[in-house]
Structures are given as structure tokens and as C-alpha cells.
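Written out below as C-alpha cells is the structure these notes cover.
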Amino acid sequence: MEYKTYIFDLDGTLLDTLHDLWVSCNYALRENGMPERTLDEVRRFVGNGVKKLMERAIPQGLDNPKFDVTYETFRKHYLVHSLDTTKPYSGIPELLANLKKHGKRIAVVSNKFYAATQELCRHFFGDYVEVAIGERENIRKKPSPDTVDEAIRQLKVSREDAVYIGDSDVDVMTARNSNMPCISVLWGFRNRDFLMQHGATTFVAAPKELMLPDD
């Protein structure tokens, strides 16, 4: 089905950010004398923002007396190293170019820091992404609909003609809370069985499946 507005999740949907998140997570843990995590553990921890990632990665989570300093260590490291190995998934630049060519409106909503979300979108996608919304004060993180609502407001479009595209259970819930259809991608951080258990119903296995035919 064709839509007028396409709202994308960022990590695990447009960008493969896992390795850089893993490196910054383990740097923070190591610097503060904590055991490091495997790549697969970090894959399971992402999706609810980086503070929740670190809450899951740090022993005893928020109850750990060194949580704040460890989280800040991660934050400072990641802001410097978020582009070390991060790159778009294969076919994503072509997909965005295709949607733009057909006059579609494109936004990104993420639980990543607001500044990092905007920097990554500018760096990798340029003018393809019109609006990029990340975590900041007064905007609740997904699965709250706040980031989607803000994207709709800035684009000045109707949500009735919009679709939400993401890779996680958080994205399925975000779409539901935003009263939008959801397309779940299978190249990200969660697999089909996990997504189906969390209510996903529509799947794409490759970006080309979202591309619109040329006239």
C-alpha cells in the first residue's frame, strides 16, 4: 500500500548502529570496573533509548551507586564515536531516494539523543529526511506517541495518510499508540517470531519491498 508520509525508526531500521553502541557501552562499563557485555546482549538491550540500554547493561541497573557516572561515561563516548562504524543498511539510501522521487514526506523518530539523531540523519541522508526527532525534554520516548506527534506537526501532514516503519516491539507499540499502521522490518535488531509475539502483522525482508514502481 502507498502512503503520503513515511515515518521511520532509526537504529535497526535505517542505520546499523549496533557495533558503535556496543563499543561505547563496554567502554563505559570497563572504565567503571564493571563486566562487559556481548554484542548479542547489547542487541537485546537496545530499543528503549540509551539510558534504558545502560540500565540493562549495568549490574543492578539504576540501583547501582555508579549508574549515573557510568551512564555519563557512555554518553560522552558515544557522542564522539557514534559514526565510527555506523552505516545505512543495504538498500536504504535507494529506498529514501525512491520515496522522495515520488513526492513522499519522510521523517525519523528515535529514542536516541536528539542531537545524535539529527546529526546521523544529516550525515547519512541529507535532504531525504525532512524532520528528525530524538529524545529531549518535554517529548516522551517511544512507545509514547510524542515523537510521532511532533514529526506530524513539523511536517504539517495528516496522520491518516502516514505509516510507521520500525524493527522492534517498541515500534509496534509506538505505531499503535499513534493510531498508524505499522510495517516491521526483518533486517534489524529483532526477528519475525519475536515481533509477531508483540503484535506485528506486516513485514518486509528488504528495503526494496517498500519502493514504489516508477511510472
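No donor-acceptor pair under 3.5 Å is formed between the side chain of K51 and the backbone N or O of Y71. Of the possible donor and acceptor atoms, one in the side chain of R190 sits under 3.5 Å from a partner among the backbone N and O of R43. The backbone N or O of E36 lies less than 3.5 Å from no partner atom in the side chain of N26, so there is not a single donor-acceptor pair. Judged purely by atom type and a 3.5 angstrom limit, K104 uses its side chain to pair as donor or acceptor with the backbone of Y3. The closest donor-acceptor contact from the side chain of N98 to the backbone of E94 lies at 3.5 Å or more, if one exists at all. At least one donor-acceptor pair closer than 3.5 Å links the side chain of E209 to the backbone N or O of A205. In this structure a side-chain-to-backbone donor-acceptor pair under 3.5 Å is present from R37 to A57. Without hydrogens or angle criteria, E41 side chain to T38 main chain gives a donor-acceptor distance under 3.5 Å. With S110 contributing its side chain and G134 its backbone, the two residues share no donor-acceptor pair below 3.5 Å. For W187 (side chain) and Y89 (main-chain N/O), no donor-acceptor pair under 3.5 Å exists by modelled atom type.
Side-chain contact between M34 and K66 is present, with at least one heavy-atom pair separated by less than 4.5 Å. For the pair I183/L210, a side-chain contact is recorded, criterion being any heavy-atom separation below 4.5 Å from C-beta on. Between T17 and Y78 there is a side-chain heavy-atom pair separated by less than 4.5 Å. Side chains of D11 and K112 form a contact here, defined as non-hydrogen atoms less than 4.5 Å apart. Side-chain contact between I165 and L14 is absent, with no heavy-atom pair separated by less than 4.5 Å. Side chains of K87 and L15 form no contact here, defined as non-hydrogen atoms less than 4.5 Å apart. With contacts defined as side-chain heavy-atom distances shorter than 4.5 Å, the pair F124/P93 does not qualify. D149 has its side chain within reach of R159: a pair of non-hydrogen atoms, C-beta onward, lies under 4.5 Å apart.
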Just do the side-chain contact (heavy atoms from CB on, under 4.5 Å) check on I7 and M180 with the steps written out, would you? CA-CA 10 Å; I7 299 179; M180 281 185 189; 3.7 Å; yes
Just do the side-chain contact (heavy atoms from CB on, under 4.5 Å) check on N191 and L186 with the steps written out, would you? CA-CA 6 Å; N191 62 36; L186 297 176; over 6 Å; no
Given salt bridge (charged side-chain N to carboxylate O under 4.0 Å, His left out), test K52 with E135 step by step and report yes or no. CA-CA 12 Å; K52 181 61 73 171; E135 178 189 352; over 6 Å; no
Test side-chain contact (heavy atoms from CB on, under 4.5 Å) on L53 and N48; report intermediate values, then the result. CA-CA 7 Å; L53 159 63; N48 297 88; over 6 Å; no
Could you go through the side-chain hydrogen bond (donor to acceptor under 3.5 Å, both in side chains) check for T85 and D20 one step at a time? CA-CA 6 Å; T85 65; D20 287 338; 2.8 Å; yes
Would you please test Y128 and L99 for side-chain contact (heavy atoms from CB on, under 4.5 Å) and show each step? CA-CA 9 Å; Y128 290 150; L99 294 177; over 6 Å; no
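Within 6.0 Å of CG on D127 lie no more than 12 heavy atoms contributed by other residues, nucleotides or ligands.
Note on R44 versus D40: salt bridge recorded, some NZ/NE/NH1/NH2 to OD/OE distance being below 4.0 Å. Between D9 and K142 a salt bridge is recorded (basic side-chain N to carboxylate O distance below 4.0 Å). Ion pair E150/R136 flagged as a salt bridge, since at least one NZ, NE, NH1 or NH2 atom sits closer than 4.0 Å to an Asp/Glu carboxylate oxygen. The residues E119 and R122 are annotated as not salt-bridged, no charged nitrogen and carboxylate oxygen being separated by less than 4.0 angstrom. A salt bridge does not link K141 with D146: none of the charged nitrogens is closer than 4.0 Å to a carboxylate oxygen. Of the charged side-chain nitrogens involved, at least one lies within less than 4.0 Å of a carboxylate oxygen, so that K100 and E130 count as a salt-bridged pair. Ion pair D214/K101 flagged as a salt bridge, since at least one NZ, NE, NH1 or NH2 atom sits closer than 4.0 Å to an Asp/Glu carboxylate oxygen.
What you find for S144 and N177 is that their closest heavy atoms are N-ND2, 4.5 Å. The two atoms that bring V129 and V131 nearest to each other are CG1-O, 3.3 Å, heavy atoms only. Between P59 and N64 the shortest heavy-atom distance is O-ND2, 2.9 Å. Smallest separation of non-hydrogen atoms from T117 and A132: CG2-CB, 4.1 Å. Considering all non-hydrogen atoms of both residues, P207 and I92 come closest at CG-CD1, 3.8 Å. Scanning both residues, A116 and L79, for their nearest heavy atoms gives CB-CD2, 4.3 Å.
Taking OG from S168 and CZ from F189, the interatomic distance works out to 9.5 Å, rounded to the nearest 0.5 Å. Going from atom NE2 of H123 over to atom OG1 of T86 covers 9.5 Å, rounded to the nearest 0.5 Å. If you take CD on E72 and CZ on R75, they are separated by 5.5 Å, rounding to the nearest 0.5 Å. Atom CD of E2 is separated from atom CG of L212 by 4.5 Å, given to the nearest 0.5 angstrom. Taking OG from S90 and CG from D16, the interatomic distance works out to 11.5 Å, rounded to the nearest 0.5 Å. Separation of atoms CD1 (I133) and CG (L155) is listed at 8.5 Å; rounding is to 0.5 Å.
I152 and I106 fall into different hydrophobic clusters, where Ile, Leu, Val, Met, Phe, Trp and Tyr side chains are chained together by heavy-atom contacts under 4.5 Å. M1 is not connected to V157 by any chain of hydrophobic side-chain contacts under 4.5 Å among Ile, Leu, Val, Met, Phe, Trp and Tyr, and they are in different clusters. Using a 4.5 Å cut-off between side-chain heavy atoms of Ile, Leu, Val, Met, Phe, Trp and Tyr, with links allowed through other members, M173 and V108 fall into different hydrophobic clusters. V172 and V204 sit in two unconnected hydrophobic clusters of ILVMFWY residues. Membership requires side-chain heavy atoms under 4.5 Å apart, directly or through other members. Under the 4.5 Å side-chain contact rule for hydrophobic residues, V69 and I58 do not share a cluster.
In this structure, R105 fails the cation-pi test against Y6, since its NZ or CZ atom is not both closer than 6.0 Å to the six-membered ring centre and inside 45 degrees of the ring normal.
Between the side chains of T174 and D171, no donor-acceptor pair is found at a separation under 3.5 Å. Judged by distance alone, the side chains of T5 and D161 never bring a donor and an acceptor atom under 3.5 Å apart.
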Please tabulate, for side-chain N and O atoms in residues 193-203, each donor-acceptor pair with protein atoms closer than 3.5 Å (sequence neighbours left out).
residue : atom : partner : partner atom : Å
H198    : ND1  : F194    : O            : 2.9

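For residues 20-59, the set of pairs meeting the ring-ring contact (aromatic ring centres under 6.0 Å, His included) definition, not counting sequence neighbours, comprises H19-W22, Y27-H77.
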